[in-house]
Amino acid sequence: MSSSPDWDVIILGAGASGLMCAATAGRRGRRVMVVDHARRAGEKIRVSGGGRCNFTHLKASAHHYLSDPASDPNFPQAALKAFTPKAFLDLLGRHGISHHEKTPGQLFCDHSAEQVVAMLLAECQRSKVKVLLEQTIQQVTALPSGFRVQTAQGTWTTRALVVALGGRSMPKLGATPLGYEIARQFGLRIVPTRPGLTPLSFGGDIRESCRDLTGLSVQATVTCQSARFTDDLLFTHRGLSGPVILQISSHWRGGEAITVDLTPGVAIYPLLKQAREREPGLNLRTIVSRFLPKRLALQRIALAGGDGRMAEIADKRLQLAAELVNQWRVTPNGTGGFDRAEVTVGGVDTRALDPHTLACPSVPGLYCIGEVVDVTGWLGGFNLQWAWSSGHAAGSAV
């Protein structure tokens, strides 16, 4: 490469992390170009939060992110502290974008996610960032003091290269594994990828038991291995769904059972025994319906052997009924796949990156940010906050 590259920074990917990185680097006076194969920038931002963009969670910390067990679980914290949810709120405020808190900590735009995309593009324009879309990336090459990026439409050299190409989730929006391929090209390890925040699928027996409950929603705690979430559980004609199932899906592996507690914080068994002593003439369905919607209570009782007067029900049946409420074990038979996943679990091993800058020390000038990195947030704005924070970290360092 000549002594004067075409660009100081080329960012591959015009999504949330790439645009944030570009705007941040551009404000520092860097000559920045963003390259993406998509027709429009920020496509996943547009669909976030049902089109309202769940752009952050006020409590975002390293605790809310999943990565390979061998990695440092605190890896995301440096970037999250350097660019906090409040920092993003300040940016929204400067652009006059109003927002609201839908559930504790989860923030959404009052109007459209398009406003967030427009804000990021305006920040890029203000910083004289060039955004090239519909560019098919053909080759990325390391040079003695930088990189060469070749697309079907042109070839450019750069001092620094940022990989912000996202993960494999939502291929209908243009997701590809290209980011991982480029990382591997430079010798970086890729933690095996799988769908995250995706529906789980269930066999016929579970679907059958849930069919009569379709549309019913309850607060539930779902556990898988050491992961545990409490949120809304929705019964559908396909089985179990809702936010709590999406949450646990990022931790679920094929063949594992999940445990569902339909009355979080309320142990049913001692209450059933107490009711048998104090109200022996009542039916079991009457007691269980105090804690669950009637349709669900009747189903649990049927699975436990049927209804009857409390005085006539033995401990073993009470125990079985309680287990079907507090420790209902079900085994999914698969997931909704990357087509229905909101995020990708796995990606560039964080041990290859500097947590403060997202730089790759083994390849000077190379950075990896956003979803391509093995950092996967919980449902509720955590993944977009990682995009903003990791993009800002790299943009502040290039």
Side-chain angles (χ1 to χ4, degrees), residues 1 7 9-19 21-22 33-39 41-44 67-68 70-71 75 131-144 146-196 198 337-339 341-354 358-376 383 386-387 390-391 394 398:
M1 185 170 70
W7 299 94
V9 188
I10 290 181
I11 299 168
L12 305 180
S17 64
L19 293 177
C21 181
M33 180 169 73
V34 179
V35 178
D36 199 306
H37 71 275
R39 186 175 61 85
E43 288 287 45
K44 287 184 75 172
S67 60
D68 187 270
S71 303
F75 178 86
V131 179
L132 289 182
L133 301 174
E134 299 182 283
Q135 302 283 317
T136 302
I137 300 169
Q138 295 180 327
Q139 189 175 39
V140 176
T141 309
L143 300 174
F147 305 87
R148 178 184 294 114
V149 175
Q150 180 179 340
T151 76
Q153 294 80 9
T155 301
W156 304 272
T157 56
T158 179
R159 178 181 53 80
L161 180 72
V162 181
V163 180
L165 287 165
R168 298 174 60 193
S169 62
M170 299 187 183
K172 65 183 179 182
L173 296 181
T176 74
L178 180 58
Y180 309 127
E181 294 167 8
I182 293 172
R184 283 195 188 95
Q185 174 186 327
F186 290 106
L188 304 188
R189 174 179 177 262
I190 303 300
V191 176
T193 59
R194 65 182 193 275
T198 186
F338 286 110
D339 286 343
E342 295 191 20
V343 294
T344 303
V345 180
V348 176
D349 193 331
T350 59
R351 290 173 292 183
L353 305 175
D354 184 311
L358 280 298
C360 177
S362 65
V363 186
L366 180 66
Y367 299 74
C368 296
I369 60 175
E371 192 180 349
V372 77
V373 179
D374 179 31
V375 173
T376 305
N383 287 290
W386 169 245
S390 61
V398 290

Inset, instruction - Apply side-chain hydrogen bond (donor to acceptor under 3.5 Å, both in side chains) to T344 and list each qualifying residue two or more places apart in sequence or on a separate chain. - result: E371
Legend entry - M33 and W156, any side-chain heavy atoms less than 4.5 Å apart: yes
Legend entry - side-chain contact (heavy atoms from CB on, under 4.5 Å) evaluation trace for F75 with L353: CA-CA 9 Å; F75 178 86; L353 305 175; 4.0 Å; yes
Legend entry - All side-chain hydrogen bond (donor to acceptor under 3.5 Å, both in side chains) counterparts of T151, not counting sequence neighbours: Q135, Q153
Inset, instruction - Report yes if some heavy atom in the side chain of V162 is under 4.5 Å from a heavy atom in the side chain of I10; otherwise report no. - result: no
Inset, instruction - Apply side-chain contact (heavy atoms from CB on, under 4.5 Å) to S67 and list each qualifying residue two or more places apart in sequence or on a separate chain. - result: S71, D374
Legend entry - Results of ring-ring contact (aromatic ring centres under 6.0 Å, His included) for F186 - residues two or more places apart only: F147
Legend entry - 4.5 Å side-chain heavy-atom contact, T141 and Q150: no
Legend entry - Closest non-hydrogen atom pair between S362 and L188, with its separation: OG-CD2, 4.1 Å
Legend entry - Minimal non-hydrogen separation, L12 against V140, with atom names: CD1-CG2, 4.0 Å
Inset, instruction - Of all the heavy-atom pairs spanning A387 and S390, show the shortest one and how long it is. - result: O-OG, 3.4 Å
Inset, instruction - Could you walk me through whether E134 and D36 pass side-chain contact (heavy atoms from CB on, under 4.5 Å), step by step? - result: CA-CA 6 Å; E134 299 182 283; D36 199 306; over 6 Å; no
Inset, instruction - Could you list the residues that satisfy side-chain contact (heavy atoms from CB on, under 4.5 Å) with A164, not counting sequence neighbours? - result: I11, S17, I369
Legend entry - 4.5 Å side-chain heavy-atom contact, Y367 and V163: no
Inset, instruction - Using side-chain hydrogen bond (donor to acceptor under 3.5 Å, both in side chains) as the criterion, list what pairs up with R184, not counting sequence neighbours. - result: none
Inset, instruction - Using a 4.5 Å cut-off on heavy atoms from C-beta on, say whether the side chain of V373 contacts that of T350. - result: yes
Legend entry - Separation of T376 OG1 from E342 CD (nearest 0.5 Å): 12.0 Å
Legend entry - side-chain contact (heavy atoms from CB on, under 4.5 Å) between M170 and K44, worked out: CA-CA 8 Å; M170 299 187 183; K44 287 184 75 172; 3.9 Å; yes
Inset, instruction - Taking all heavy atoms of A352 and all of P361, pick out the closest pair and write down the distance. - result: O-CD, 3.3 Å
Inset, instruction - Evaluate the criterion side-chain contact (heavy atoms from CB on, under 4.5 Å) for residue pair L178 and I137; output intermediate values, then yes/no. - result: CA-CA 9 Å; L178 180 58; I137 300 169; 4.0 Å; yes
Legend entry - Inter-residue atom distance C368.SG - D349.CG, 0.5 Å rounding: 11.0 Å
Legend entry - Matching residue for V372 among I190, L165, V348 - test: side-chain contact (heavy atoms from CB on, under 4.5 Å): V348
Inset, instruction - Supply the atom-to-atom distance H37 NE2 to L133 CG, rounded to the nearest 0.5 angstrom. - result: 10.5 Å
Inset, instruction - Consider only side-chain N and O atoms of T193 and R168, and report whether a donor and an acceptor are under 3.5 Å apart. - result: yes
Legend entry - Heavy-atom closest contact (E43 atom, L173 atom, distance): O-CD1, 4.1 Å
Legend entry - Where Y180 and G167 come nearest, the two heavy atoms and their spacing: OH-CA, 3.1 Å
